[in-house]
Amino acid sequence: MGEQGWFEGQRVELIDGEIILLSPQSPQHCNASERVRRLRDKAFGEQYWVRRQAPIVHGEYSEPEPDVCVVRGSLNDFAESHPASSLLIVEVSLSSIKYDYSIKHSLYASMGLQEYWILDLV
């Protein structure tokens, strides 16, 4: 549906088969997400790709787009498909703390994720 332009100009993600409309990002959210990405990029080095707001695949019905996601491999390793696993996911929360603690936490746990952080900007 996304490739057909159904969500043009909107931020959405697929969670358990449901299309979730995401809020526009505040300057604080963008700034914090980028700061986290840069810090993690320095910490993990060349064997990992620190992605910002990019999809990670979980089965047929979920494709969340975490604020920051650390995956094993390089940018070139994922030229044809999104990663299906991650070492660390960070969600930056200004207005979505309940969603991040409940829905996202459950989804990431079902993926076998070892590390999930929530940066609460409030």
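Owing to the predicted nature of the structure, the values given are computational and were not obtained by experimental measurement.
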Say whether Val90 and Leu39 are linked into one hydrophobic cluster, either directly or through other cluster members, by side-chain heavy-atom distances under 4.5 angstrom. no
Just jot down the salt bridge (charged side-chain N to carboxylate O under 4.0 Å, His left out) partners of Asp41, sequence neighbours excluded, or say none. Arg37
All side-chain contact (heavy atoms from CB on, under 4.5 Å) counterparts of Leu75, not counting sequence neighbours: Trp49
Counting distance only, does the side-chain N/O of Ser33 pair as donor-acceptor with the main-chain N or O of Cys30 below 3.5 Å? no
Looking at side-chain heavy atoms only, is the closest gap between Pro64 and Ile56 below 4.5 Å? yes
Which residues satisfy the side-chain hydrogen bond (donor to acceptor under 3.5 Å, both in side chains) test with Asn31, sequence neighbours excluded? Arg35
Pairs touching residues 51-79 that satisfy salt bridge (Lys or Arg N to Asp or Glu O under 4.0 Å), sequence neighbours left out: Glu34-Arg52
Connected via hydrophobic side-chain network under 4.5 Å: Ile89 and Ile97: yes
With clusters defined by side-chain heavy atoms of hydrophobic residues (ILVMFWY) lying less than 4.5 Å apart, directly or transitively, does Ile103 cluster with Leu14? no
Tell me whether Val92 shares a hydrophobic cluster with Val50, the cluster being built from Ile, Leu, Val, Met, Phe, Trp, Tyr side chains joined at under 4.5 Å. yes
Just to verify, what does Phe44 make a ring-ring contact (aromatic ring centres under 6.0 Å, His included) with, not counting sequence neighbours? Tyr48
Verify the cluster assignment for Val70 and Val36: are they in a single hydrophobic cluster under the rule of side-chain heavy atoms below 4.5 Å apart? yes
Please write out which residues are connected to Tyr61 in a hydrophobic cluster, directly or through intermediates, given that two of Ile, Leu, Val, Met, Phe, Trp, Tyr count as joined at side-chain heavy-atom separations below 4.5 angstrom. none
Report all side-chain donor-acceptor pairs from residues 113-122 shorter than 3.5 Å, counting only partners two or more places apart or in another chain.
residue, atom, partner, partner atom, Å
Glu115, OE1, Trp117, NE1, 2.9
Tyr116, OH, Asp100, O, 2.8
Asp120, OD1, Val122, N, 3.0

Contacts of Ser26 that satisfy side-chain hydrogen bond (donor to acceptor under 3.5 Å, both in side chains) - sequence neighbours left out: Gln28
Separation of His82 NE2 from His58 NE2 (nearest 0.5 Å): 16.0 Å
Once side-chain hydrogen bond (donor to acceptor under 3.5 Å, both in side chains) is applied, do any residues pair with Ser106, and if so which ones, sequence neighbours excluded? none
